[in-house]
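Convention: sequence-line order gives letters A, B, ...; per-chain numbering from 1.
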Amino acid sequence: MVLNCRHVWEYISGYLDNTLDEQTRIDVERHLEHCEICSAILDSTRNILILTADDRVFELPVGYSERLHARLKEAILESPPPKLESS
Amino acid sequence: MQSQDNERDEAGLIAEVLAGKTDAFHDLVRPYERSVYLMALSMLRNEAEAEDVAQEAFIKAYRNLGRFRSEARFSTWLIAIALNEARARLRRKEPALTDSIDDQDGSVVPAQLTDWREIPSESLERAEIRSLIRRALESLPLAYREVFVLRELEQRNVKETAETLGITSASVKMRLHRARIMLQKQLAPQLASTSPLKRGRRFPWF
């Protein structure tokens, strides 16, 4: 099937996640080969995801873990121990 | 992703806490300190508030541990609690914020520019772009932002994201797609203007 640009835009996310069925993927690729605009949209969307992933490796605030466990310790002392509740 | 062993350990730690060995809770949650904080930070964009929300979420998880059901993943359950805390905080800050969106409604059109195709290699430039991405993320409707954060930052799969948010997998995919295209639409024009490739990649029809 020959896809137009608007169709391809709907498939960009599926294409990036590799969740399109075989035929759709081939149709999308065929379109991308000759469409400068759609292939640029695909590239820029992929770039955003790659740069977003950079944020996964950030530093936690200094002392975060210590403060968290100190606060938890207080809460555990203050609260009654949790008991299994029947659903 | 967790191994079977990890899951068994978790079930054991949860049982210990529920049997009264409450200190085991510290070990139970240690592996999730980072993802709970990251979830809160991505939603609130403020370190002090994110830390506060993370603490509240862990305390809430402790108090409600008796309600946790083993058919759910503990991490999914915990992240959902953190998400609810972050949402409640956001609503207090921005009462107008709404997360009602229509998953069936129309499509999102990307920015049709051809001059931002490569990722800058300079770390300074990458850092600048990341801060632009964070700002753009903040402007997304909450329902899209949550899906984007869970999938792209927390690296939850579609099923876990759907469980955390209480929506269908189809909605997760749809919202993720729209979130990505909305970000592209907003960011591509800003990034094109900073791109060193701009000059070589001009097309006469733009």
inquiry  = Testing the 3.5 Å rule here: is there a donor-acceptor pair between the side chains of A/Ser13 and B/Arg180?
reply    = yes
When the 4.5 angstrom heavy-atom criterion is applied to B/Ala50 and chain A, the contacting part is neither
_Flag side-chain contact, heavy atom, 4.5 Å: A/Pro61 against B/Tyr37_ = yes
Assert top hit (heavy-atom pairs under 4.5 Å, partner chain A, pool B/Leu176, B/Leu41, B/Val29, B/Ile59) equals B/Ile59
Counting heavy-atom pairs under 4.5 angstrom with chain A, the leader among B/Leu183, B/Leu38, B/Leu65 is B/Leu38
For B/Arg130 and A/Leu51 the tightest heavy-atom approach is CD-O, 3.3 Å
Decide whether A/Ser44 and B/Gln184 meet the rule of one side-chain donor and one side-chain acceptor closer than 3.5 Å.
yes
Original post:
So, the side chain of B/His177 versus the backbone of A/Trp9: is there a donor-acceptor pair under 3.5 Å, distance only?
Top reply: yes
Given A/Cys38, A/Ser65, A/Gly14, A/Ala53, the one with more heavy-atom pairs under 4.5 angstrom with chain B than any other is A/Ser65
The interface call for B/Leu18 against chain A, heavy-atom contacts under 4.5 Å, is both
Flag the pair A/Leu49 / B/Phe148 as yes when at least one side-chain heavy-atom distance between them is below 4.5 Å, and no otherwise.
yes
One should read off an interatomic distance between A/Glu78 CD and B/Tyr62 OH, to the nearest 0.5 angstrom, of 11.0 Å
Taken to the nearest 0.5 Å, the spacing of A/Ile41 CD1 from B/Ile181 CD1 works out to 7.5 Å
When you measure from the side chain of A/Tyr64 to the backbone of B/Glu33, do you find a donor-acceptor pair of N or O atoms at a distance under 3.5 Å?
yes
One should read off an interatomic distance between A/Thr45 OG1 and B/Lys185 NZ, to the nearest 0.5 angstrom, of 13.0 Å
Cut-off 4.5 Å, heavy atoms of chain A, and the answer for B/Ile14 is neither
Exercise. Less than 4.0 Å between a side-chain N and a carboxylate O, is that true for B/Glu51 and A/Arg71?
Worked result: no
Highest number of heavy-atom pairs under 4.5 Å with chain B among A/Ile12, A/Leu16, A/Asp17, A/Leu77 belongs to A/Asp17
Review point. With a 4.0 Å cut-off, would you call B/Asp52 and A/Arg67 a salt bridge?
Key: no
Checked B/Glu154, B/Lys173, B/Arg134 vs chain A; the most non-hydrogen pairs under 4.5 Å come from B/Arg134
The interface call for B/Leu153 against chain A, heavy-atom contacts under 4.5 Å, is both
Rounding to 0.5 Å, atoms CG (B/Asp23) and CD1 (A/Ile76) come to a distance of 6.0 Å
Count the heavy atoms belonging to other residues, nucleotides or ligands that lie under 6.0 Å from NZ of A/Lys73, then report whether that count exceeds 12.
-> no
